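Accompanying notes for the structure given below.
Throughout, protein chains are lettered first and strands after them, A, B, ... in sequence-line order, and every chain is numbered starting at 1. Since the structure is predicted, the reported quantities are computational estimates derived from the model, not experimental observations.
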Amino acid sequence: MHTHKNMNNEEVVKLFRAISGAYEIEDESVFRIRAYENAADSIEHANREVKDLWEEGRLGDLPGVGPNIAGHIDELFRKGKVDHFQTVLARLPEAMFELIGIPGIGPKTAYKLVKKLGISKAHGAIRRIKEAARLGRIQKIEGFGKESESEILKGIEEYQRRENRMLLPQATQIAEELQTYMEREKAVEKIDTLGSLRRRTSTVGDVDVAVATKDPSKVISHFTRFPHAKDILASGENTARLVHRSGRQIDVKTEKPDRYGALLQHFTGSKSHNIHLREIALEQNLSLSEHGIRKKGKIAAFASEAEFYKALGMQWIPPELREDQGEIEAALEAKLPELIKKEEIRGDLHLHTDYPWRSAHDTGANTMREMVEKAMELGYEYVGIGDHNPSLTEYNRKEIIIEIKKRSEEIDKLKYSIEITHENRTIHILNTLEIDIRTDGSLAIPDEGLVMLDYAVASVHSSMRIPKAKMTERILKGLSHPKVKILGHPTGRLLNQREGYEADWDKIFSFAKENGKFIEINAWPTRLDLPDTLVRQAIRMGVQLVIDTDAHAIEHMDLMRYGVDVARRGWAEARHILNTRPYSELEKILLTKTQV
DNA sequence: GCCGTTTTCGGCCCGACTGTTTTCAGTCG
């Protein structure tokens, strides 16, 4: 397996899975095998690059990475390879490591296949397995049969066409359509999403749902007639699986209402949350499963999750927190946070309109008035009317100031007319812009333009791959202007497309805290940026955040809920989020009459 | 190989499903 000094998390995960697999073939201690598997899982779920953590001397932050594995990682990034790993891997055919990761193929199967078929080279290994399967050579190998041969073929096909994970809103929409449909069947007493969708992670693999029912067969048969199903993959007594027209799989699991709580808890996960929970249960001689809690051979059933957690002596834990990041300890001490709810949001402070100037970036689809009316429909108390700054190549400095003046007058007119047309309701309209932080840290608008705004959002939109220290300085400089209150989409990540830029978040968060700047949680589906783990870090450091939609059309303003999901995953309470404040408070915080 | 206010030694999550090797190993979540 090729290794190098700049391996990203995905590559490191693959390496560790290979080592774990190699140990499995060699009948190493199951605990050592598991240790590498755990380390791989931990890195896979880390929201930071292992290489960055290594540079900062913080590999120990990764659960499951102890002194030994940390030493190997150190050697990897110093030399580009790990001598010990090379020795271990060299004892086995490299082709087998290409196969690990194909659904249904683990280390043992992979090893047997390449041995028996005489495949040694990694290159083309999957293709050769496929050929062998087509020629019926696999079913002749001892331990395999016709079924397993076609399963392998199916597994490879799935592996090769595996796409990116779904974005949260897509998964949510599929699930909500299904839920509406399922609720039409009277036998369905309760229905909930499961897994990462229920935990509201930013991307989701499959849509899984649980149904509480006394009549599973009715539920299953109703499920298999879902109009948006393209194909039914499996249909058993209590579970079924179909392919949604989007190509995504949907699983349903049924359970009797009086036992539903344990099922819901079990399949919501996360895996690490459940493992930790079982370890704690074990100390009380309890054994947990999807069926309930077993004590001395007797299983107790639970209708609700709340009862399930209560039986373990803890508070019910909101699904968003179930990542084994301290939520279990907090629940045991009844110290879980009071997570923010979307109903607590009182305004949207970062959105775009179709205001007709030659903008540095994309403009919105709706007028200022339409955006404001939508905000009123949503029951907001205030709204920040923003746009990207005027393009620096299209206007000179003087023209930019004139343009901002014209636009400010436009907003004043709007304020006046809205007050007249909606006399019963007041909404506070704020004049803002999203301003580029240029590569040298300067803002794309001169001071004379900035003073006309109520506040500004500053964001990075260019030169995203500059060194970490430079990026940090750049962001700090951009944020330091008194009118700049919000750092927009802080990491610049685009889900399934690009990693965020490298920056020293500790430094930026400290600066934000000391200078009263707000870090944005951008609710745009491909952004969801700040990422949840950084939200948690920011909150621990006492930084204030703001949830914005960055809407470019009125319908985007409905995406606020996904930003709230991210905030909740980061343990945010309403008091941590600027736009839960009433206008009277917001005004004092945001609209300081600072001299520029 | 990791980990720890009951332990720095001695533990380490649980069950379902599947196919094939009739009693269980391998994989998965």
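A:E177 and A:H228 share a donor-acceptor pair across their side chains, judged by distance under 3.5 Å alone. In this model, no donor atom of one side chain and acceptor atom of the other lie less than 3.5 Å apart for A:Y111 and A:E24.
Taking atom C1' in both B:dT22 and B:dC28, one finds a spacing of 24 Å when rounded to whole Å. Spacing between B:dC17 and B:dT23 at atom C1', rounded to whole Å, works out to 16 Å. Using C1' as the reference atom, B:dG11 and B:dT6 are 14 Å apart when rounded to the nearest Å. Rounded to a whole angstrom, the distance from the C1' atom of B:dC2 to that of B:dT8 is 12 Å. B:dA16 and B:dC9 are spaced 38 Å apart, taking the P atom of each and rounding to whole Å. Across the C1' atoms, B:dG26 and B:dT20 are found 12 Å apart, a figure rounded to whole Å. If you take atom C1' in B:dT5 and the same atom in B:dG1, they sit 24 Å apart, rounded to whole Å.
Between the P atom of B:dG11 and the CZ atom of A:R32 lies a distance of 18 Å, rounded to the nearest Å. We find that OH of A:Y36 is positioned 17 Å from C1' of B:dC12, with the value rounded to whole Å. Counting to the nearest Å, the P atom of B:dT21 and the CD atom of A:E147 are 12 Å from each other. Regarding A:E37, its CD atom lies at a distance of 11 Å from the P atom of B:dT27, rounded to whole Å. Atom-to-atom, CD of A:Q139 to C1' of B:dG19 comes out at 13 Å; the value is rounded to the nearest Å. Atom CZ of A:F267 is separated from atom P of B:dC14 by 15 Å (rounded to the nearest Å). To the nearest angstrom, P of B:dC28 lies 10 Å from CZ of A:R17. When the C1' atom of B:dG29 is taken as reference, atom CD of A:E290 falls 10 Å away, rounded to whole Å.
Contact annotation: A:S29 does not reach the phosphate of B:dG1 (side-chain N/O to OP1 or OP2, under 4.0 Å). For the OP1/OP2 pair of B:dA16 and a distance below 4.0 Å, the side-chain nitrogens and oxygens of A:H266 include no atom meeting the criterion. Put simply, A:S287 has a side-chain N or O that comes within less than 4.0 Å of OP1 or OP2 on B:dC14.
Counting non-hydrogen atoms of neighbouring residues, nucleotides and ligands closer than 6.0 angstrom, the CD atom of A:E338 reaches no more than 12 such neighbours.
Two residues are said to be in side-chain contact when any heavy atoms from C-beta on lie closer than 4.5 Å; A:Y181 and A:H222 meet this criterion. A:V211 has its side chain out of reach of A:K253: every pair of non-hydrogen atoms, C-beta onward, lies at least 4.5 Å apart.
Distance from the side chain of A:N68 is smallest for B:dG1 among the nucleotides B:dT20, B:dG15, B:dG1. The side chain of A:L282 lies closest to B:dC14, out of B:dA16, B:dC14, B:dG1. Taking the side chain of A:R34 as heavy atoms from C-beta on, and the options B:dG1, B:dC14, B:dC12, the nearest nucleotide is B:dC12. When distances are taken from the side chain of A:E279 to each of B:dA16, B:dC12, B:dT20, the shortest belongs to B:dC12.
For the pair A:D61 and A:R58, the salt-bridge criterion is met [side-chain N within less than 4.0 Å of a carboxylate O]. Contact check on A:D192 versus A:K190 returns no salt bridge, with no Lys/Arg side-chain nitrogen under 4.0 Å from an Asp/Glu carboxylate oxygen.
If A:H84 and A:F144 are placed on DNA chain B by their nearest nucleotide, the residue sitting closer to the 5' end is A:H84. Between A:A35 and A:I275, the residue anchored nearer the 5' end of DNA chain B, judged by the nucleotide with its closest heavy atom, is A:A35.
A:G143 comes within 4.0 angstrom of a base, heavy atoms only. Heavy atoms of A:H276 sit nowhere under 4.0 angstrom from any nucleic acid atom. Counting non-hydrogen atoms under 4.0 angstrom, A:L288 reaches the backbone sugars and phosphates but no base.
Distance CD/A:E323 to OG1/A:T533: 10.5 Å, rounded to 0.5 Å.
Pair assignment for B:dT8 gives none, since no Watson-Crick or G-U wobble pairing has each distance under 3.5 Å.
Contacts between residues 104-120 of chain A and DNA chain B, defined by a heavy-atom separation below 4.0 Å, involve A:G104, A:I105, A:G106, A:P107, A:K108, A:T109, listed by number.
Between A:F85 and A:H72, the ring-plane angle classifies as tilted under the 30° and 60° cut-offs.
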